[in-house]
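Okay, so here's the structure we're looking at.
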Amino acid sequence: MDLEPVLGEENGNDNFRPLKTIPVFSFHLLVSALISIVGVGMAVVFPDNKRCEAYFLMLYLRVIFWFITLLFDHVIKYHHDKLRMNGFHDFHRATGVHKSVPLYLVSLWNTAIMAIQALMQHYYGDDFGEHCIQSFFSPIVYVSVFTAVECGILAIIHGTYIARVMRFNRARPLPDAMRGSFEGCSSVGLTQRNADVAELLEKQADLISFLQDHNLRLNQRLMQMNSEVRTITLPPS
């Protein structure tokens, strides 16, 4: 194709921009693991008269972790929106669950913990402090178990996502619209029976945005080449 030298396809996809979300996912998983370890440590090490304080400390950590997850969600969506605008719609959709589940999971876990806390405070009343010091069924034990289970689920989700992104960055694929089989755009303008109209419109918008950016880069390259040709052909004064 005549466009290949301009796109740099002779030596591979030189215009490929790797997805830089692995450090963000790794940091989020590390924070989750640290909170889980702290919770288990406090449940085992803290004396009975300090178990209630350990429980409320874990609740504070859960609140902090939710804000970290909210920031994590915004950063990941920012990077994936850039990936989609660069023409990689299929990979953007394939990792949709991985980037959405963490915020939903942490929010669900915090909601469940808040509901359990409300029930304990309602039924125990002024005797809540006495139940905190129970060795096995104390609140610090259940919140630590919740956090450990959450960390295990996040480890599976984050590990799967990191592996897929590593393969994606290593492969350095062309954007969907520029693949040889036109698999990314062969059905963009067609409708099939039981097809999702919203997904079709999203694909069309993604493709139009990518082609506009691609045309801009081509125009800039052509202007640069034209300027170089004029410089070479002009006679010296």
Audit row: F72, L103, side chain to side chain contact (heavy atoms under 4.5 Å, CB included) steps and yes/no: CA-CA 8 Å; F72 160 86; L103 180 60; over 6 Å; no

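If you take OG1 on T21 and NE2 on H158, they are separated by 10.5 Å, rounding to the nearest 0.5 Å. Note: L59 CG to Y55 OH = 4.5 Å, rounded to the nearest 0.5 Å. Taking CD1 of I116 as the start and OG1 of T111 as the end, the distance is 11.0 Å to the nearest 0.5 Å. The CD atom of Q117 sits 13.5 Å away from atom CZ of R62, with the distance rounded to the nearest 0.5 Å. For the atom pair CG (D73) and OG1 (T69), the distance works out to 8.5 Å, reported to the nearest 0.5 Å. Here the CD1-OG1 distance, from I35 to T147, works out to 7.5 Å after rounding to the nearest 0.5 Å.
The shortest heavy-atom contact between S144 and A43 is OG-CB, 4.0 Å. The two residues C151 and S36 make their nearest non-hydrogen contact at CB-CB, 4.2 Å.
Between V165 and F25, every side-chain heavy-atom pair lies at or beyond the 4.5 Å cut-off. Inter-residue side-chain proximity for L19 and H80 is flagged as met; some heavy-atom pair is nearer than 4.5 Å. At least one side-chain heavy atom of V149 sits under 4.5 Å from a side-chain heavy atom of W109. Using a 4.5 Å heavy-atom cutoff, the side chains of P139 and M58 are not in contact. In this structure the side chain of N110 never reaches within 4.5 angstrom of the side chain of M114, judged on heavy atoms. The side-chain heavy atoms of R17 and L83, taken from C-beta on, include no pair separated by under 4.5 Å.
Hydrophobic clustering (ILVMFWY, side-chain heavy atoms < 4.5 Å, transitive): I157 and L30 are in distinct clusters. In the hydrophobic clustering of ILVMFWY residues, with side-chain heavy atoms under 4.5 Å counting as a link, Y78 and V24 come out apart. Taking hydrophobic clusters as Ile, Leu, Val, Met, Phe, Trp and Tyr residues chained together by side-chain heavy-atom distances below 4.5 Å, L70 shares a cluster with L29. Residues I76 and I156 are members of separate hydrophobic clusters, defined by side-chain heavy-atom contacts under 4.5 angstrom among Ile, Leu, Val, Met, Phe, Trp and Tyr. Linking Ile, Leu, Val, Met, Phe, Trp and Tyr residues whenever their side-chain heavy atoms come within less than 4.5 Å places L154 and F27 in a single cluster.
By the salt bridge (charged side-chain N to carboxylate O under 4.0 Å, His left out) test, K20 pairs with no residue at all, sequence neighbours left out. In this structure F91 satisfies the ring pair (Phe, Tyr, Trp, His ring centres under 6.0 Å) test together with F168, sequence neighbours excluded. Listed by chain and residue number, nothing satisfies the ring pair (Phe, Tyr, Trp, His ring centres under 6.0 Å) test with F46 (two or more places apart in sequence, or in another chain).
Relative ring orientation between F65 and H28 is described as parallel, the plane-to-plane angle staying below 30° on a 0-90° scale split at 30° and 60°.
In this structure, the side chain of K77 does not engage the main chain of K99 through any donor-acceptor pair within 3.5 Å.
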